[in-house]
Amino acid sequence: MPELPEVETVRRGLEPVLSGARLSRVRANRPDLRFPLPDGFVQRLTGARILRLDRRAKYLLAPLDRGDTLVMHLGMTGRFEIAAPSSDRATRPGDFAREVKPDDKHAHVVFETEEGATVTYYDPRRFGFMDLIPTDRVDHHPWFATMGPEPLSDAFGARTLVAAFNGRKQGPKTLLLDQKTVAGLGNIYVCEALHRAHISPFKPSGLIAGKRLGPLTTAIKDVLAEAVEVGGSSLKDFAAADGALGYFQHRFRVYDREGQPCPTPGCKGTIAREVQAGRSTFFCPVCQV
DNA sequence: AGAGCTACCTGAAGGC
DNA sequence: TGCCTTCAGGTAGCTC
């Protein structure tokens, strides 16, 4: 499910209840998610204080006062729900409320804090994963060591793409999905960014003129920032930790819009869908060249 | 090294 | 109603 904007939305929802909180009780209702939970998962977490809640790409990072960092990835269908003693949820406008079906079957990990909040991790498809990594080793862990820059940071710029695309035959769709190029993009936002930049997902990346990579960089930053601002995209499983739905799906220009007119002003094209590298690519064959 | 494919696992949705 | 097929936002690991 979640790409960078959705994970950032989850982070912002969880931060008030987890940052600075001490874990009084942790339950793992099964020994594995996508991967086995690490040895002593429950014991190493119980009693620990969460110093902060950070995000790197699509990962949530919770450094603990005991030297480990709890690393969490939501996979495709991972979701957190907060049951807090305070009235945070009740203060949400009614039209944001999400009908949550009872889903004990997929409640895999439950965190309870000394402050009285319960945070439950649900993941029907179980593509998500959690691990405990010594905090001073996180940057060297295989998940992070080769990861590209954060797309919304100054570390990501046109020169990032110039270097990544140089001489490559694969289309930009494929290279932008590769977390080593830039970290945090997924299928939806790559499709959207390429459409905004009017670049074909299939054009050999090495043949894309360098002067077009500045606008592509801008398109990536813009689409992500706009999505973060409205709480991500709610498709099927995604809702913020407080149950609020994201709204960016209403702003999709190409994703899941096969057969609809291209929204580019003056373009008479029709949005098409093709499978590329095993994933659905949505694009306008007319204005994306 | 780079490119392309599959696997992981489950649920939802559509066709018949 | 029910069975079957197809598809899904991510990542890792295999082969050529």
Side-chain angles (χ1 to χ4, degrees), chain A residues 1-10 29-37 55-60 71-79 99-108 121-131 141-148 151 163-194 201-207 223-224 227-228 231-240 245-252 254-258 273-282:
Chain A
M1 90 140 141
E3 305 183 30
L4 186 153
E6 290 73 36
V7 178
E8 177 59 22
T9 298
V10 169
N29 293 330
R30 54 177 303 136
D32 59 324
L33 295 170
R34 176 172 182 177
F35 308 117
L37 292 170
R55 179 190 57 74
R56 175 79 174 95
K58 303 171 196 172
Y59 292 80
L60 292 169
V71 178
M72 300 176 280
H73 194 293
L74 302 171
M76 301 259 267
T77 54
R79 172 168 62 85
E99 285 298 322
V100 178
K101 288 183 279 188
D103 184 22
D104 294 340
K105 190 167 128 188
H106 301 303
H108 302 313
Y121 178 70
Y122 298 88
D123 191 353
R125 208 173 159 187
R126 236 182 324 119
F127 276 22
F129 44 93
M130 296 188 191
D131 203 353
H141 190 281
W143 292 335
F144 303 103
T146 60
M147 191 176 264
F165 286 9
N166 182 41
R168 300 293 296 272
K169 277 196 258 182
Q170 283 187 307
K173 167 76 187 301
T174 309
L175 296 185
L176 291 173
L177 275 179
D178 185 340
Q179 304 297 295
K180 292 193 279 295
T181 305
V182 53
L185 293 173
N187 204 33
I188 293 177
Y189 295 105
V190 170
C191 289
E192 293 296 314
L194 287 170
F202 306 99
K203 189 179 176 82
S205 296
L207 300 182
V223 73
L224 292 177
V228 167
S233 305
S234 290
L235 294 177
K236 297 183 180 170
D237 308 288
F238 180 72
L245 297 176
Y247 279 90
F248 195 76
Q249 66 276 16
H250 302 301
R251 298 203 204 168
F252 290 164
V254 289
Y255 186 79
D256 206 19
R257 295 176 64 85
E258 182 181 15
R273 170 183 176 275
E274 279 188 38
V275 174
Q276 181 182 20
R279 320 288 302 276
S280 284
T281 292
F282 295 91

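Protein chains get the first letters and strands the later ones, always in sequence-line order, with residue 1 at the start of each.
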Practice item. Would you mind reading off the distance between Leu175(A) atom CG and dA3(B) atom P, rounded to a whole angstrom? Key: 7 Å
Practice item. For Gly278(A), report the nucleic acid contact type (base, sugar-phosphate, nothing); a contact means any heavy atom under 4.0 Å. Key: nothing
Exercise for review: Output yes when at least one side-chain N/O atom of Gln170(A) is less than 4.0 Å from OP1 or OP2 of dG4(B), else no.
Suggested key: yes
Exercise for review: Specify the separation, in whole Å, of atom NE2 of His106(A) and atom P of dT10(B).
Suggested key: 8 Å
Study note, to complete from the structure: Residues passing the salt bridge (Lys or Arg N to Asp or Glu O under 4.0 Å) test with Arg30(A), sequence neighbours excluded, are Asp32(A)
Point to revise | Parallel, tilted or perpendicular, as decided by the 30° and 60° cut-offs, for the rings of His73(A) and Phe129(A) | key: parallel
Check your understanding: Rounded to the Å, how far apart are Lys169(A) NZ and dA1(B) C1'?
Key -> 12 Å
Revision key, fill the gap. Those residues at least two apart in sequence (or on a different chain) that pass side chain to side chain contact (heavy atoms under 4.5 Å, CB included) with Ala164(A) are Thr181(A)
**Study point:** For Arg257(A), side-chain hydrogen bond (donor to acceptor under 3.5 Å, both in side chains) partners two or more places apart
**Key:** Gln260(A)
Review point. Are Arg168(A) and dA3(B) close enough that a side-chain N or O sits under 4.0 Å from OP1 or OP2?
Key: yes
Study note, to complete from the structure: Given Watson-Crick and G-U pairs under 3.5 Å, DNA chain C in dot-bracket ([ ] crossing, | other strand) is .|||||||.|||||||
Point to revise | Phosphate OP1/OP2 of dT11(C): any Lys58(A) side-chain N/O under 4.0 Å | key: yes
Exercise for review: Whole angstrom is fine here: how far is it from CD in Gln179(A) over to P in dG9(C)?
Suggested key: 14 Å
Study note, to complete from the structure: Here the distance between atom C1' of dC5(B) and atom CD of Gln276(A), to the nearest Å, is 14 Å
Check your understanding: Using a cut-off of less than 4.0 Å, is there contact between a side-chain N or O of Tyr189(A) and OP1 or OP2 of dG9(C)?
Key -> no
Review point. Between atom CG in Leu185(A) and atom C1' in dG9(C), what is the gap in whole Å?
Key: 12 Å
Check your understanding: Which residues pass the salt bridge (Lys or Arg N to Asp or Glu O under 4.0 Å) test with Lys169(A), sequence neighbours left out?
Key -> none
Review point. To the side chain of Arg273(A), which of dG10(C), dA12(C), dA8(C) is closest?
Key: dA8(C)
Practice item. Give Ser280(A) one of three labels, base, sugar-phosphate or nothing, depending on what nucleic acid heavy atoms sit under 4.0 Å from its own. Key: sugar-phosphate
Exercise for review: Starting at atom CZ of Arg279(A), determine the distance to atom C1' of dC7(C), rounded to an integer number of angstrom.
Suggested key: 12 Å
Check your understanding: Does any N or O donor sit under 3.5 Å from an N or O acceptor when you compare the side chain of Arg125(A) with the base of dC9(B)?
Key -> yes
Exercise for review: Would you please name every residue forming a side-chain hydrogen bond (donor to acceptor under 3.5 Å, both in side chains) with Asn187(A), sequence neighbours left out?
Suggested key: Lys173(A)
Check your understanding: Using a cut-off of less than 4.0 Å, is there contact between a side-chain N or O of His73(A) and OP1 or OP2 of dG10(C)?
Key -> no
Point to revise | Value in whole Å for how far the C1' atom of dT11(C) lies from CZ of Phe35(A) | key: 7 Å
Review point. Using atom P of each nucleotide, how far apart are dT6(B) and dT6(C) to the nearest Å?
Key: 14 Å
Review point. For dG11(B), does either OP1 or OP2 sit under 4.0 Å from a side-chain N or O belonging to Lys105(A)?
Key: yes
**Study point:** Aromatic centroids of Phe282(A) and Phe252(A) separated by under 6.0 Å
**Key:** no
Review point. Roughly how far apart, to the nearest Å, are dC7(C) and dC5(B) at atom P?
Key: 15 Å
Point to revise | Audit row: Met72(A), Tyr121(A), side chain to side chain contact (heavy atoms under 4.5 Å, CB included) steps and yes/no | key: CA-CA 10 Å; Met72(A) 300 176 280; Tyr121(A) 178 70; over 6 Å; no
**Study point:** Rounded distance in Å between the P positions of dC9(B) and dC14(C)
**Key:** 16 Å
Check your understanding: When we call it a touch if two heavy atoms are under 4.0 Å apart, what does Arg126(A) touch: a base, just sugar-phosphate, or nothing?
Key -> sugar-phosphate
